[in-house]
Amino acid sequence: MDLSPDISPGSQHVTRSGSHARSRSVSDLSRVSPMPETVNEAIVNGTYDKNLNKETAINRNNASAPVCWSEQPRKSYSLPHRYKAQIIGACRALPQDYSALTTPIVKPSEFKQQFMSMRQWFNRFSDEQKNMVLAELLEHIGPIQLHLLSVAIGGRLHHGCPPNCEDTIGWFPPALGLTIFSYLDPVSLARASQVCRKWHSLASHNCLWRHLSQQRKWQLSPSSNQKQLSQCTRQDGSVDWKQVFVERYRLHRNWLGAHCHVRTFEGHTEGVSCVQFDDHRIVSGSHDNTIKVWNMRTNSKWSVQTLVGHSNMVRCLHLSGNRLVSGSADATIKVWDVEETSQWSSINCKVTMIGHSSTVRCLQVVGERVVSGSYDHLVKVWALSSGECLRTLAGHQEPVLTVAFDNDKIISGAADKTIKVWQLESGQCQKTLVGHEDGVTTLTFDQTTIISGSLDCTIRLWSLVTGQCVGVLDWMSSEGHTGVIRCLAADSRRIVSASDDKTIKVWDRDTCRRLVTLRNHTDGVTCLAFNDHVIVSGSYDKTVKLWDFSVC
């Protein structure tokens, strides 16, 4: 079978002129003699002869190209077998009429005439009609035209528009913009203030930051709040609420991340059993029978005052203003007047209360009353100014280890594993809370809840109304302490506890989730006190530590 192309003298063919060749239209191709089938067509039609030599097959495959037959044919290679089925299927899907594959080309003169007419019509349209035309044209253009549009109109999208034409917030009335911004969280509000000057002006408005600062999550205690507001007051008397919130946000972040500066005060020769502090000083009591006063405002780690008067270890303290009340293993309670100025300081023991027959283990002062608990199993109420014992409460079967009270009730915990609630004026025991498996060493309470720590290494939360235990924090379920709970304190948002396991743990009061664990003491932590900015702790390692969360 002869597969060579049939080229007669009368047949039309195209020769190359230089590097260009005139392309034929579909109608031109239809008037020439039929082109021989290509290799792919032969495969589709079933006429392909495997015995054909490679050069003949190549020439046949290139026969559809209008080139000079004297040119050297281009070498090509067949595809792998797994592609042949796809090629055959694709070829069978091709239309028999090749003219369907080609879009008729408009002649230049005709195109110019139609384009001029279209432009005249478009200029006569209204803006709405122009938008309709453009919207319809977009449905009929391809990627090439879309790319051209993006390049051509990129710099003209907002030509003639007013400034910030896309700024929806900027066009709103200021009151509406502030309302929208009031729904943002602090981080989003700070980021919004960096968008533009208009947003910065709105996002810096005092009312937004005041609203955030007054949310419960960011509130401080009344004393800390008043102090901060006075520091952030401008010369015109207004409060810089943004600065207020920034300080509170940083403080909150430091608490959650345990970012604090730790200072250590050394001087006691025995373990520290109790600590108290105010704005500028720390007071600590120790097993070495002394009370030491430390200056928080200096970098000195040595005490500035030492109080000597007890004949045995000091077990408990309460500091209020310049008045310090201490309880000791010598069974006495002493009231000290601690005055301090920039020029001089004085310490005087004003009152000594005698009435307990054993160690005074705990005490608290509210107003002009002192409540104390002792190893003699008794709770006593004293007059602060005169030192007179006003009332004795008996009911515990073991040493009383912790007490707390307000103007209505006294709550005490003892080594007999119980917590008792007493009526302050009558001295009657109203209820007894049972649940701890060992002695109750520390407790605090508010209007609804009692929080207690025990020798059983757990912290329990109790309903003050019903007396039922409503929560337990232990090492298994809550990542709690692994040693005896020696001390705890709480505010409206946090619980802070200290243990013989050498750690201090901070808990979220609402969820009872452990927030952070602080480690720096080298022995068991026996006592602590805290406020919104610092924690002060004492330990068997004879040191007092100040954990400052406001400086990081």
Side-chain angles (χ1 to χ4, degrees), residues 255-258 260 271 273-275 361-362 373 396-404 411-421 431-530 535 537-541 545 547:
W255 273 94
L256 293 180
C260 60
S273 55
C274 47
V275 291
R361 177 62 179 81
C362 51
H396 283 293
Q397 304 303 313
E398 296 290 341
V400 179
L401 304 178
T402 179
V403 293
I411 301 179
S412 60
D416 59 9
K417 309 176 188 179
T418 66
I419 298 171
K420 290 185 179 292
V421 181
K431 57 174 67 75
T432 299
L433 283 57
V434 179
H436 279 295
E437 298 177 359
D438 210 331
V440 181
T441 56
T442 179
L443 63 81
T444 185
F445 76 100
D446 59 14
Q447 298 299 321
T448 60
T449 308
I450 301 173
I451 306 172
S452 61
S454 169
L455 296 173
D456 63 11
C457 307
T458 66
I459 298 172
R460 289 181 180 265
L461 287 79
W462 312 78
S463 169
L464 186 56
V465 176
T466 64
Q468 298 297 315
C469 180
V470 295
V472 179
L473 307 179
D474 58 21
W475 68 272
M476 291 186 64
S477 62
S478 307
E479 301 180 75
H481 290 288
T482 57
V484 170
I485 310 296
R486 291 295 176 184
C487 184
L488 64 79
D491 60 13
S492 60
R493 291 180 292 138
R494 289 178 293 257
I495 302 172
V496 183
S497 58
S499 170
D500 278 356
D501 61 10
K502 309 178 186 180
T503 67
I504 298 172
K505 291 182 182 289
V506 181
W507 313 79
D508 183 279
R509 181 160 178 171
D510 294 331
T511 63
C512 294
R513 181 174 61 92
R514 182 189 64 84
L515 300 178
V516 68
T517 298
L518 305 175
R519 294 180 175 87
N520 200 278
H521 284 289
T522 58
D523 207 340
V525 185
T526 59
C527 51
L528 64 81
F530 82 100
I535 298 175
S537 61
S539 169
Y540 290 126
D541 62 12
K545 291 187 182 291
W547 315 70

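This structure is a prediction, so every number in the text was calculated from the model and none was measured.
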Are [X] and [Y] close enough that some pair of their side-chain heavy atoms sits under 4.5 Å apart?
| X | Y | result |
| --- | --- | --- |
| Asp501 | Trp475 | no |
| Val506 | Phe530 | no |
| Leu455 | Arg486 | yes |
| Pro399 | Arg361 | no |
| Arg509 | Asp446 | yes |
| Leu401 | Val440 | no |

Those residues that, when tested against Val465, pass side chain to side chain contact (heavy atoms under 4.5 Å, CB included) (two or more places apart):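 By the side chain to side chain contact (heavy atoms under 4.5 Å, CB included) rule, Val465 matches Ser463.
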
Donor-acceptor under 3.5 Å (Thr458 side chain, Asp474 main chain):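 No, Thr458 side chain to Asp474 backbone: no donor-acceptor pair under 3.5 Å.
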
Would you say Ser499's side chain and Gly483's backbone share a donor-acceptor pair under 3.5 angstrom?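 Side chain of Ser499 to backbone of Gly483: a pair is present.
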
Between [X] and [Y], what is the shortest heavy-atom contact and its length?
| X | Y | result |
| --- | --- | --- |
| Cys512 | Leu461 | SG-CD2, 4.0 Å |
| Ser454 | Asp438 | OG-O, 3.1 Å |
| Ala489 | Leu528 | CB-CD1, 3.9 Å |

To the nearest 0.5 Å, what is the distance between CD on Glu479 and OG1 on Thr517?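 Going from CD on Glu479 over to OG1 on Thr517, the span is 7.5 Å.
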
Check step by step if side-chain contact (heavy atoms from CB on, under 4.5 Å) holds for Thr418 and Val434. CA-CA 5 Å; Thr418 66; Val434 179; 4.2 Å; yes

Checking Trp255 now: which residues fulfil ring-ring contact (aromatic ring centres under 6.0 Å, His included) with it, not counting sequence neighbours?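 With neighbours one apart ignored, the set is Phe549.
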
Counting only heavy atoms not in Lys417, do more than 12 sit closer than 6.0 Å to its NZ atom?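 No.
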
